[in-house]
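Notes follow the structure.
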Amino acid sequence: MSNKSLRRSFLSVSGVLAAIALIGAPAASAYGNTQRAAAPVTAPAQAPITEQDVIAAQNAWGNALVNISTTFERDGLAAARRVAENVIDSAYGFNMGPVLFKPTLTVAPQTFRTTREGALAYFVGGDTRFAADTGFALKGWRSFEIQNAAIFIDGDTAISMGNVRLTNRDGTVTTVDKTWGWNRDDNGQLRIVLHHSSLPFTAG
């Protein structure tokens with residue numbers, strides 16, 4: 001399958017975080033280093049995605065999540081919402097079409113968030129159309145660690161799967177199973193077009 005066919009297939013399945021262009025709070029990267037959120041991951045539109053691109057995008061997403069959370073605590077909901085909007089517009093592919101976004105804590109009939117409005121409601125709540133959302137990004141996150149099981153790359157498309165461990169201000173760690181898919185847009189910027197997250201299965 002060609003890169004363009006794979007891209008069309010990717011975007012037609014159903015029509016995810018978050019987060020690239022922020023100036024924000026430091027957080028632990030996938031390798032335990034403290035860093036600031038990365039600048040937008042851009043390259044010529046035809047350039048193949050690299051593993052380093054994927055890792056940079058993952059770390060930027062984690063940094064952005066921490067930034068939204070700490071902004072909320074410091075400056076309130078309105079400021080956190082502005083940061084979250086910047087995250088969504090900078091990192092996700094809603095400008096390219098529906099995004100395959102299945103967050104960790106959503107319930108039917110609003111399990112899947114293929115629109116910008118649904119993604120924003122998940123991250124910061126406050127939308128009566130998504131009344132069950134309390135704001136996943138507002139839960140006191142302080143750091144993150146990403147452990148990839150594997151990264152698949154095919155030209156301008158990449159998919160990663162693994163664990164993300166999030167630590168809140170009380171030191172409690174939440175582990176989620178996460179799959180991200182990226183595609184370069186027409187300007188060469190890496191965009192999240194697939195974001196699936198769930199809690200690990202436990203028997204019994």
Side-chain angles (χ1 to χ4, degrees), residues 10-11 13-25 27 36-42 57-144 146 160 164 166 168-169 174 176-185 187 189-199:
F10 222 171
L11 296 176
V13 174
S14 174
V16 218
L17 164 65
I20 304 276
L22 293 178
I23 299 172
R36 290 188 177 274
V41 178
T42 58
Q58 291 176 329
N59 289 337
W61 185 94
N63 281 328
L65 181 69
V66 172
N67 193 23
I68 296 169
S69 194
T70 54
T71 298
F72 171 64
E73 294 175 14
R74 184 180 63 248
D75 300 321
L77 181 58
R81 180 179 298 275
R82 288 191 295 270
V83 174
E85 288 177 329
N86 190 24
V87 170
I88 291 170
D89 294 340
S90 298
Y92 287 82
F94 289 108
N95 61 323
M96 301 166 68
V99 171
L100 285 64
F101 183 19
K102 190 279 172 188
T104 311
L105 303 176
T106 54
V107 295
Q110 296 179 318
T111 303
F112 303 102
R113 304 299 175 87
T114 60
T115 66
R116 180 184 185 275
E117 293 74 19
L120 182 62
Y122 179 72
F123 283 123
V124 296
D127 189 332
T128 57
R129 295 170 296 178
F130 300 90
D133 289 352
T134 59
F136 178 78
L138 309 181
K139 299 186 181 300
W141 305 120
R142 289 294 185 271
S143 65
F144 67 94
I146 297 170
S160 70
V164 176
L166 301 170
N168 68 12
R169 59 179 171 265
T174 299
V176 295
D177 299 334
K178 193 172 293 289
T179 300
W180 276 300
W182 291 272
N183 198 264
R184 288 203 190 280
D185 64 17
N187 296 318
Q189 180 169 323
L190 225 60
R191 296 280 183 172
I192 298 171
V193 294
L194 165 67
H195 177 167
H196 184 281
S197 186
S198 59
L199 294 173

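Note that this is a predicted model, so its numbers are computed, not measured. Throughout, residue positions are numbered sequentially from 1 according to the sequence presented.
Side chains of I68 and L138 form a contact here, defined as non-hydrogen atoms less than 4.5 Å apart. Side-chain contact between L194 and W180 is absent, with no heavy-atom pair separated by less than 4.5 Å. Annotation: side chain of L199 is not in contact with side chain of D177 (no heavy-atom distance under 4.5 Å).
A side-chain hydrogen bond (donor to acceptor under 3.5 Å, both in side chains) check over residues 118-133, counting only residues at least two apart or in different chains, returns the pairs R113-D133, D127-R129. Legend: salt bridge (Lys or Arg N to Asp or Glu O under 4.0 Å) pairs involving residues 76-100, not counting sequence neighbours, sorted by first then second residue: D89-R116.
Contacts of D75 classified as side chain to side chain donor-acceptor pair (under 3.5 Å), with partners at least two apart in sequence or in another chain: none. Residues forming a salt bridge (charged side-chain N to carboxylate O under 4.0 Å, His left out) with E73 (at least two apart in sequence, or on another chain): R142, R169. Partners of S197 by side chain to side chain donor-acceptor pair (under 3.5 Å), not counting sequence neighbours, listed by chain and number: T104, K178. Legend: residues meeting side chain to side chain donor-acceptor pair (under 3.5 Å) with K139, ordered by chain and number and at least two apart, are T134.
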CA sep, side-chain torsions, deciding dist, call: L100, H196, side chain to side chain contact (heavy atoms under 4.5 Å, CB included): CA-CA 8 Å; L100 285 64; H196 184 281; over 6 Å; no
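Under the 3.5 Å distance criterion, the side-chain polar atoms of S90 are left unmatched by any main-chain donor or acceptor of V87. The backbone N or O of G140 lies less than 3.5 Å from a partner atom in the side chain of S69, making a donor-acceptor pair.
The OG1 atom of T70 sits 9.5 Å away from atom CG of L65, with the distance rounded to the nearest 0.5 Å. Rounded to the nearest 0.5 Å, atoms CD (Q58) and CD1 (I192) are 9.5 Å apart. Between N95 atom CG and I88 atom CD1 the span is 12.5 Å, to the nearest 0.5 Å. To the nearest 0.5 Å, atom OG1 of residue T174 and atom CZ of residue F144 are 15.0 Å apart. Distance check, rounded to the nearest 0.5 Å: CZ of R191 to CZ of R184 gives 12.0 Å.
Taking both residues in full, the closest heavy atoms of G93 and V99 are given as C-CG2, 3.5 Å, listed atom of the first, atom of the second, then distance. Residues N187 and D185 come closest through the heavy atom pair N-OD1, 2.9 Å.
Under the ring-ring contact (aromatic ring centres under 6.0 Å, His included) test applied with F136, the options W141, F123, F101 reduce to a single match, W141.
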